[in-house]
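Counting starts at 1 for both ligands and their atoms, following the listed order.
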Amino acid sequence: MGDDPRTPSSGIPLRLAEDDLERPSSARVYDYLLGGTSHGAVDRRLGRELVDAEPLVVPIVRENRSFLRRAVTFLARAGIDQFLDLGSGIPTMGNTHEVARRVVPDARVAYVDVDPVAVEHGELRLGRVTGVTVSRGDLRRPDDVLATPAVRDVLDLGRPVGLLMFSVLQHVPDGEEARAVVADYLARLVPGSALAVSHLSGDDPRVDVGALRRLSSAYPRGAITPRSGGELAGIVAGVEIVAPGLVFAAQWRPEPRRAGDPDGEPCCGHRAAVGFVPAR
Ligand SMILES: C[S@@+](CC[C@H](N)C(=O)[O-])C[C@H]1O[C@@H](n2cnc3c(N)ncnc32)[C@H](O)[C@@H]1O
C-alpha cells in the first residue's frame, strides 16, 4: 500500500479530481476505518489520526454498520421492499440491498451520496445489479434527489419506502436544516413508510467527540456536527418510533453474541432510532 495519494489500496483506480487528492473525504476515511479497500493515502493518514486521538472510533463505525444491518432486516421483515439510502458511502460488506434481499429477494434500493468517489465505486460494484441504482446527490435537496432518474427508476413513491440516513446527518451543520430536511422527505412518503437514522452523539461522555470534530475539519465540506440525544429526538419527531426508542446503536435490538464475535462490550458513539410514518 503506497503512500502516493493516487494509489488506492483496492484494485479499482480512484479517478479523483485534484481537490479530492489534496483532502480526505468522509466516505473514504469511513471505508478505511471499516477495513475497506477504497481510499487513498490522504484518507489513511486522517484515519490513523482519528484512531490515535480516539481509539473507540473503530468500534463506533463497526457498530453503526451493525445497526444498519439490524435496522434494514427489521424493516424488510416489516414489509418494506424499497429503500432510499442517503449518504450511502462506498459499498462495503453488508450493503443495504444485500441485507434487505436476505428477507425480500427482489427488494429495490436507490443509493445516493454526495461524494463522487463513493458514487463511482458504487456504480462499478453495483451498476449491473437489477433493482439497485447509485447516484450523486446532496440529501439537503429533496426535490433534486427525488427527481433523479436513478432514484425514480427503482422507487415507487406511491408505496411505502424505507428512508435510511446512517451516520450522515452530522455532515449537515445547521440543526434546523437537518430537522427540516428529514421532515420534508417524510412529508413526501406515504404512511407506512419508515425512517432509520443513526447520528454521531455530541453528549456521550465515553467518546472524545471534540477530537473527532477537530480532525474532521479536514473534510472539504467542513467539520462534522455531533448532536445530543435531545437534538436527535427533534430530528426524528415525525415518525412513530419503535422499541427500544432512541438509544445508542449497540442497544438497538442487539442480536445474541455468537461464537467468534469480537470480544468487548457494546460501545458507544452513534444514537439510533427506527420509526414509521403514521397515517395522516
Ligand atoms: C460516515 S459515512 C456513512 C456511510 C453509510 N451511510 C454507513 O452508515 O455505513 C457518511 C457518508 O455521507 C455522505 N454525505 C455527507 N454529506 C452528504 C450530503 N449532504 N448528501 C449526501 N451524502 C452526504 C458522505 O459522502 C459519506 O459517504
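Geometrically, ligand 1 and Phe166 share a nitrogen or oxygen pair separated by less than 3.5 Å. Inclusion of Ser26 in the set of residues having an N or O under 3.5 Å from an N or O of ligand 1 is not warranted. Taking any N or O of Val112, backbone or side chain, none lies under 3.5 Å from an N or O belonging to ligand 1.
At a heavy-atom cutoff of 4.0 Å, ligand 1 is contacted by the side chain of Asn64 but not by its backbone. Heavy atoms of Ala118 found under 4.0 angstrom from ligand 1: none, in either backbone or side chain. Residue contacts with ligand 1 for Ser88 involve N, CA, C or O but no side-chain atom from C-beta outward (heavy atoms, distance under 4.0 Å). Using a 4.0 Å cut-off between heavy atoms, Arg221 makes no contact with ligand 1 at all.
Residue, atom and distance of the protein heavy atom nearest to atom 7 (C) of ligand 1 are Tyr30 OH, 3.2 Å. The nearest protein atom to atom 11 (C) of ligand 1, hydrogens excluded, is given as Gly87 O, 3.5 Å; this is a heavy-atom distance. Nearest protein neighbour of atom 14 (N) of ligand 1, counting heavy atoms only, is Val168 CG2, 3.6 Å. In terms of protein heavy atoms, atom 16 (N) of ligand 1 is closest to His171 CB, 3.5 Å.
Checking His171 against Ser26 by side-chain atom types alone, a donor-acceptor pair falls below 3.5 Å. Side-chain contact, Ser167 with His270: a donor N or O sits under 3.5 Å from an acceptor N or O. Using modelled atom types and a 3.5 Å distance limit, the side chains of Ser66 and Arg69 yield a donor-acceptor pair.
Atom 10 (C) of ligand 1 has its nearest heavy-atom neighbour, among Ser167, Gly122, Gly89, Pro116, in Ser167. Evaluated by nearest non-hydrogen atom to atom 26 (C) of ligand 1, the leading choice among Asp113, Val114, Leu139, Asp115 is Asp113.
A distance-only check finds no donor-acceptor pair linking the side chain of Arg227 to the backbone of Leu232 [under 3.5 Å]. Side-chain atoms of Asn95 do not come within 3.5 Å of backbone N or O of Glu98 as any donor-acceptor pair. Looking at Gln82, its side chain does come within 3.5 Å of a backbone N or O of Pro160 through a donor-acceptor pair. Between the side chain of Tyr111 and the main chain of His97, a donor-acceptor pair closer than 3.5 Å is present.
Neither Val197 nor Phe67 shares a network with the other; the hydrophobic side chains, linked directly or stepwise wherever heavy atoms of I, L, V, M, F, W or Y lie under 4.5 Å apart, form separate groups for each.
A salt bridge is defined here as a Lys NZ or Arg NE, NH1 or NH2 lying under 4.0 Å from an Asp or Glu carboxylate O, and Arg271 with Asp203 meets this definition. Ionic pairing of Asp52 and Arg48 is not present here: no N-O contact between side-chain nitrogen and carboxylate oxygen is shorter than 4.0 angstrom.
Look at Gly137 and you'll find a heavy atom under 4.0 Å from some atom of ligand 1. Residue Asp138 places a heavy atom under 4.0 Å from ligand 1.
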